[in-house]
Amino acid sequence: MMGPLVSIIPVFVLIALLVLVIATGYVKAPPDKAFIISGLRKTPRILIGRAGIKIPFFERVDVLYLGQMTVDIKTEQSVPTNDFINVNVDAVAKVRIGNTAEAIQLASKNFLNKSSEQITCDLQDSLQGNMREIIGTLALKTINTDRDSFSDQVMAKASKDMQKLGIEILSCNIQNVTDEKGLISDLGMDNTSKIKKDAAIAKAQADRDVAIAQAEADKAANDARVAAQTEIAEKNNALSIKQAELKKQSDTAKAVADAAYEIQQQEQQKSIQTATVNAQIAKAERDAELKQKQVQVREQELAAQIEKQADAEKYRAEKLAEADLIQRQKKAEAAKYEELKRAEAQKAQAEAQKYSAEQEAAGIKAKYDAEAAGIAAKGLAEAESIRAKGLAEAEAMEKKAEAYKKYNGAAMAEMMIKIMPQMAAEIAKPLSQIDKINIYGGGEGTNGVSQISGNMPIVMKQVFDTMSEATGVDLSEIMKANTYDAKVTRNVNLTGAENILSPNTDAQTADASTE
C-alpha cells in the first residue's frame, strides 16, 4: 500500500503547484491597455482585452496605454511662411498607439508604463517641429484659405516620424492662425472691400432692373387706369343725364306738393294764432289771480315772520333774564359758601391759636411755678443771710428805686443822643442835593456863606430843645460829666433802655452808694 501512496504524492504536488501558479500569475488586460508579458520568451506576449497567465518569479507584466490622446501643438515662436510672413499657429492632434503587433512593440520600447500625459508630452516636440516645417513651405493665404490641406500636409509629414515610435495620427485640426503685423486682418479687409464692391455692383444692377420693371409696370397700370377712368366718366355722364331727368320729374311733383302744403300750413297757422291769442288772454287772467294770491301769501308770511321774530326775541329775553338770575344766584351762593368757609377757617384758626395760647400759658405757668418753687427753696436756705443783710438791702432798695426813676430818662436821652448824627445827616441832606448856589449879598455886614453854615447849629439846637421839651429830660444836664445819676450809682449804663441791675450786685452797689 505504501507504493501507490508514494506514486500519488508527486501528482498532488504538481497539482498544487499548478493551482498556485494560476492563482498568482493570472492577469487580465482591459481594452484600452496592452499587458506585455516578458521573461521566458524571446518575443514578449501581448494581451489586449483578454486574460493570460504569467509565471511567477520568471515573467513580468508591463502596461502600455492604447487609448486616444490629445496633443496641443503650438508654435511657441513665430514661424516665417513661404512668403516670409511670421505667423503663430495653434493646432490639436489626436493620436494613439498603433494596433499592430509591430507598432505595439515599437511603442513598448518608448512609452512602456507611461501615462497618457507623459506620452503626449513626449510627442509634442516632434509634432511641433513637423508643423513648423510645413508652415515654411506654404504661403499665408494658403494657410488661411485651405486649412484642410495644411492639416493633411502636417499629418503626412508627422506620420513618418510617428510610425517610427509606433504612434498613429488620427486627426490634425488647425485652431488659430495669427501674425505679428496684422496682415491677416488686412487680407480680410481687402476681401471685405471686394465683397462690398461686388455686392454694391450687384445691388445697383438689381435696382436698375427693378426700376425698369417698375416703370414698365407703371406704364401698363397707367394705360389701364386711363381706360378705366374714361369708361367711368362716360358712365357718370349718362348717369348725370338720367339723374337730371328724374330730378325734373321729382321737382315738379314736389312743387305741387309744396303748394298744397303751404295752403294747408297757412290754415293751420291761422288756427294756431287764434288759439295762441285765447291762451295768452287766459294766461294773463291767471297771472293776475296768481299775483293776488302771492300778495296775500306774502302778507301772511310777513305777519307770521314778525310774530315769530317777536316770540323769539321775547323767548330770548326771558332766557337771558333767567340765565342772569341763575348766574347771580350762583354767584351769591358761591360768595355765601366762600364766606362760610372763610368763617369756618377763621374759627378753626382762632381755636388753634387759642389752643396754642393755652398750651403756651400752661407751659409758662409751669415754668414760673417751678422757678417760684426753686426760689422759695432757695429763700428758705438764704433766710438767715437775708435777715443779716436786711438793713443794707433796704437802703440799697431805696437807692435802686431812685436809680430806676432816673433810668428811664437816661435811656431816652441815650436813644436820642444816638439818633442825633442821623438827624443831622437828614437835615444836611437837602443841602447836599444843591448843585449850585449863587450868593448876591448878606446885608448888615454879613456874607451869605456864613449865614448858610450858621444855620446848621441853629437848626440842631432847635431840634435838641424840641426833644427836651417833648421828653421832659434835660439832655444838656445828662450830657455833663458830673450828673446826678453818675453820683447816685456807678452801675447805671445808658446804652439801652432794657439794661437792668444784676441781682447779685445789688448789695454791693448799695454799699458803694452809701459810702
Side-chain angles (χ1 to χ4, degrees), residues 218 221-222 224-359 433:
D218 292 341
N222 189 38
R225 185 168 55 254
V226 170
Q229 289 179 354
T230 301
E231 186 177 358
I232 290 170
E234 292 175 355
K235 295 291 185 181
N236 287 335
N237 190 19
L239 179 62
S240 299
I241 293 171
K242 187 67 175 175
Q243 287 177 346
E245 293 175 356
L246 294 174
K247 189 174 186 302
K248 180 178 178 182
Q249 295 176 2
S250 175
D251 291 341
T252 302
K254 185 175 182 297
V256 175
D258 290 341
Y261 176 75
E262 187 69 24
I263 294 170
Q264 184 66 28
Q265 187 177 12
Q266 289 178 359
E267 292 292 334
Q268 293 290 334
Q269 190 69 26
K270 182 178 179 182
S271 300
I272 291 170
Q273 289 178 356
T274 302
T276 302
V277 171
N278 294 331
Q280 289 177 352
I281 293 170
K283 182 176 182 296
E285 293 176 354
R286 297 292 299 171
D287 290 340
E289 294 177 358
L290 179 61
K291 287 181 179 180
Q292 291 179 357
K293 294 291 184 182
Q294 288 178 350
V295 169
Q296 295 176 359
V297 171
R298 182 59 179 166
E299 289 177 353
Q300 294 175 359
E301 288 179 353
L302 290 175
Q305 184 175 2
I306 292 170
E307 184 178 359
K308 184 177 180 181
Q309 187 173 2
D311 293 339
E313 290 293 335
K314 178 181 178 182
Y315 179 77
R316 180 172 175 275
E318 291 176 353
K319 291 298 180 183
L320 289 175
E322 291 177 0
D324 187 30
L325 178 60
I326 292 170
Q327 186 176 6
R328 284 184 293 168
Q329 290 177 353
K330 293 293 184 181
K331 286 183 178 180
E333 291 176 357
K336 182 179 179 181
Y337 180 77
E338 290 179 357
E339 290 294 333
L340 180 61
K341 290 296 181 181
R342 191 178 298 112
E344 291 178 356
Q346 290 177 356
K347 180 179 180 182
Q349 186 176 4
E351 291 178 354
Q353 291 177 355
K354 178 181 179 182
Y355 178 76
S356 177
E358 290 175 353
Q359 294 295 324
Q433 301 296 325

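For clarity, every value in this text was computed on a predicted model and none was experimentally measured.
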Side chain to side chain contact (heavy atoms under 4.5 Å, CB included) between Arg328 and Leu325, worked out: CA-CA 5 Å; Arg328 284 184 293 168; Leu325 178 60; 4.2 Å; yes

Counting only heavy atoms not in Gln329, do more than 12 fall under 6.0 Å of its CD? yes

Of all residues at least two apart in sequence or in a different chain, which pass the side-chain contact (heavy atoms from CB on, under 4.5 Å) check with Gln264? Gln268

Could I get the full list of side-chain contact (heavy atoms from CB on, under 4.5 Å) partners for Asn237, not counting sequence neighbours? Ile241

How long is the gap from [atom1] on [X] to [atom2] on [Y], to the nearest 0.5 Å?
X      : Y      : atom1 : atom2 : result
Asp258 : Gln265 : CG    : CD    : 10.0 Å
Lys254 : Tyr261 : NZ    : OH    : 10.5 Å
Gln346 : Gln349 : CD    : CD    : 7.5 Å
Ile306 : Lys308 : CD1   : NZ    : 13.5 Å
Lys283 : Glu285 : NZ    : CD    : 12.0 Å
Gln243 : Asn236 : CD    : CG    : 9.0 Å

Anything under 3.5 Å between a donor and an acceptor, one on a side chain of residues 312-323, the other on a protein residue two or more places apart or in another chain? List them.
none

Salt-bridge present (Glu339, Arg342; N to O < 4.0 Å): yes

Would you mind listing every salt bridge (charged side-chain N to carboxylate O under 4.0 Å, His left out) that reaches into residues 231-250, with sequence neighbours excluded? Lys247-Asp251

With sequence neighbours left out, what residues match Glu301 under salt bridge (Lys or Arg N to Asp or Glu O under 4.0 Å)? Arg298

side-chain hydrogen bond (donor to acceptor under 3.5 Å, both in side chains) involving Asn222 - partner list, sequence neighbours excluded: Arg225

Any Lys330 side-chain heavy atom under 4.5 Å of Glu333 side chain: yes

